[in-house]
There are 2 protein chains.
Amino acid sequence: MSFTAPHISTKPDWLDTIIKGDCVEALNKLPDNSVDVVFADPPYNLQLGGDLHRPDHSKVDACDDHWDQFSSFKAYDEFTRAWLQAVRRVLKPNGSIWVIGSYHNIFRVGAVMQDLGFWINNDVVWLKTNPMPNFRGKRFTNAHETLIWACPSQESKPTFNYDAMKTFNDDLQMRSDWVLPICTGHERLKDDNGDKVHPTQKPESLLYRVLLSTSNQGDVILDPFFGTGTTGAVAKKLGRHFVGCEREDAYIKAASERIDRVTPANDDFLAMTQGKRSLPRVPFGNLLETGLLTPGAELTDARGRFKATVRADGSLICGEHSGSIHKVGALVQGQQACNGWTFWHVKRGKALEPVDALRQVVRSQMPR
Amino acid sequence: MSFTAPHISTKPDWLDTIIKGDCVEALNKLPDNSVDVVFADPPYNLQLGGDLHRPDHSKVDACDDHWDQFSSFKAYDEFTRAWLQAVRRVLKPNGSIWVIGSYHNIFRVGAVMQDLGFWINNDVVWLKTNPMPNFRGKRFTNAHETLIWACPSQESKPTFNYDAMKTFNDDLQMRSDWVLPICTGHERLKDDNGDKVHPTQKPESLLYRVLLSTSNQGDVILDPFFGTGTTGAVAKKLGRHFVGCEREDAYIKAASERIDRVTPANDDFLAMTQGKRSLPRVPFGNLLETGLLTPGAELTDARGRFKATVRADGSLICGEHSGSIHKVGALVQGQQACNGWTFWHVKRGKALEPVDALRQVVRSQMPR
DNA sequence: GAGCTAGATGAATCAGGCT
DNA sequence: AAGCCTGATTCATCTAGCT
């Protein structure tokens, strides 16, 4: 599980290990100012209700573990303050801390961090390419999580590999929104029954980007909620040291074996961390939001046989039919499917143009 | 600045107006439970000064000279609590509140909202297609802002136009990440010198999506930090009422003139895509009453594995099982629940059709 | 092997009306 | 007020198994 770092003559015994126990207690084993970067994925305090089923009646495997249960916001805040203070002692003055969370907990975490004097450099949103849908149709698909990147004080001068990030991002400044898939497939650790070992394993691509942007080779990376060790695995791969705190034996075992299998380094990781470079998607509704079309606008097909009217929500009305441009396009033609972008046209001056041309206008305003 | 709503006989004098003054004070003019949706873009640059007042109208002196982190955060929290409580009184129990902010303030706002009992439905990230770059190269490009969508309590049942948003988004569920350009060009209000009137004018496209997703035609939309009136302009355009609070005369003037220029969209095009949930309920027994099915009719599932017989009261008999179409459908499959309308089929000519198709026939014959 | 289909699954604060 | 019944609701991706 360990790897050599020749320039460190006497390696502390806690380096590149997982300390068993609650993180506040476990961190007592570390000296002051001994850590360069912290990555923390604390419990989210989800407060779930009853069971949730998919439309096909299968049950959603919820995160209902005991470690995610708190009696109140106050209790959660106290827990948060305690681990942040413990982390603060071991973090170097110019070190960085990353915390990830969802709307259930991230606002509380961020406020406590500010109260303790941490200085926020950025919040970063992880946009999931493949989030779980909202099965009951009662909310927006919860398609992102939030990371806070902060320093121990306003005076801190953290590592930020600006040029590496810019190169990484096709010579554009790296933005605060990162598009990455969730952790599935071979990367997801499974037990002997084929069940996931940890309910909330983070993708390695996320940790790559965190460590690549705000740490240097040989740095010490602390993860106070180590879980199945994504932080350790990526740290080792990138030539960083790690130290983790974890209470559950099953997670420690899985993480240790996982990190043992990691071979540090070449450059093949770059590909993994690249976001998708496909054309940005522009929903038809955008044309109304941005004023390129107004509710009541009339669309026709290229030959003018069918006429439809646009409503405020981006739906079309055409005789008895209503729905998306694709659905109504299919219905009026009596076909199974239709690309509404090329089927429907709009008058622009004297000429008829496919609405796809308006989509191009929107895209031209998007530098990405 | 006002527009007529003929179906409201006595329009309150505050409706479709901007109330001058601090929002906590101004909101005293509104009765309890009088607002359907709140959109709030609270100030968050503490160092600009002049923005913060305690509930007793004394000025907060936190950011006068030296930056005092703790006292200024505390003052901001007090300010936040005060306006949120004032808003809470006028918001209907099933109303929605949206708050937008950046990492400077959104964590504090979110935590205070939770402390006051607001229930968060989603956080939404607005991804800017054209953000300001990070000139010093010390941070990630700050390319997003965060919105919190919440309700006054966990029991609230807010308006959420799921089907309209899905149509809007090319027949995919609307996600929690919205890609929209910032407010520039002709949309950006300029004064006589060509300077922008308001430092943080929000794009109309953002409000369009907020109001389309969580409000209905004729709803009352409150913006306690009205600024140059983007909320009012989009509300009027979409056939909603507005009320705003604003302290600065210059903003009130610019907003009033702006809203006067807005032409509301035609009623016909404000109708939105409706889902099945809004269709009138048709009990299964109706199919027998109307003669579409006769007692003794045989139903099967799509693959013909299960056969059931319809009795005069609309119950099914299937082997040992009997009961409603839903109950028997669940029982024969050994599932907890089943939508009998789509599970059970009937022969119509040569083809098998779900009984749901018969329900459509009944609905088409119903008076609107 | 390639290609296809069916099935499984992911940090989720996920219903509403009537009796 | 609590309980019961109706019936509405999913996207991207990976794996296993079959042709």
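Lettering follows sequence order; numbering is per chain, from 1.
Once rounded to the nearest 0.5 Å, the distance linking CD of E246(A) with NE2 of H198(A) reads 6.0 Å.
Within the nucleic acid shown, D65(A) has no heavy atom closer than 4.0 Å to any nucleic acid atom. Within 4.0 Å of G329(B), counting heavy atoms only, lies no atom of the nucleic acid at all. D61(A) comes within contact range of the sugar-phosphate backbone alone, with a heavy-atom separation under 4.0 Å but no base atom that close. R175(B) comes within 4.0 angstrom of no nucleic acid atom, judged by non-hydrogen atoms across all strands. Within 4.0 Å of K327(B), counting heavy atoms only, lies no atom of the nucleic acid at all. Using a 4.0 Å heavy-atom cutoff across all strands shown, L172(B) reaches sugar-phosphate atoms only and no base atom. Residue contacts shown for P203(A) are absent, as no nucleic acid heavy atom lies under 4.0 Å away.
Proximity of the aromatic rings of F140(A) and W178(B) is defined here by a centroid distance below 6.0 angstrom, and this criterion is met. Taking the centre of each ring, F225(A) and W83(A) come in below the 6.0 Å mark.
Between I97(B) and L84(B), some side-chain heavy-atom pair lies under the 4.5 Å cut-off. Between S213(B) and M165(B), the closest side-chain pair of non-hydrogen atoms falls below 4.5 Å.
The neighbour count for K202(A) NZ, taken as heavy atoms of other residues, nucleotides or ligands under 6.0 Å away, is above 12.
The listed nucleotides are dT9(C), dC11(D), dC14(C); the one nearest the side chain of Q173(B) is dC11(D). The K138(A) side chain lies nearest to dA15(C) when the options are dA8(D), dT9(C), dA15(C).
The aromatic rings of W149(A) and W98(A) lie parallel to each other, their planes meeting at an angle below 30°, with 60° marking the opposite boundary.
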Annotated structure of DNA chain C as dot-bracket, pair cut-off 3.5 Å, Watson-Crick or G-U only, | for inter-strand, is .|||||||||....|||||
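The closest side-chain donor-acceptor pair between H144(A) and D123(B) falls under 3.5 angstrom.
One donor-acceptor pair, N or O on each side, does fall under 3.5 Å between the base of dG10(C) and the side chain of R54(A). One cannot find a donor-acceptor pair under 3.5 Å joining the base of dA11(C) and the side-chain atoms of K128(A).
dG7(D) sits 34 Å from dA11(C) when the P atoms are compared, rounded to a whole Å. Nucleotides dG10(C) and dC14(C) place their C1' atoms 15 Å apart, quoted to the nearest Å.
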All N/O pairs under 3.5 Å across the protein-nucleotides 15-19 of chain D interface:
from, atom 1, to, atom 2, distance (Å)
dT15(D), OP1, H186(A), NE2, 3.2

**Message:** What verdict does the salt bridge (Lys or Arg N to Asp or Glu O under 4.0 Å) test give for R359(B) and D356(B), after you've listed the backbone C-alpha separation in whole Å, the side-chain angles of each residue and the deciding distance to 0.1 Å?
**Reply:** CA-CA 5 Å; R359(B) 181 167 62 161; D356(B) 198 33; 2.7 Å; yes
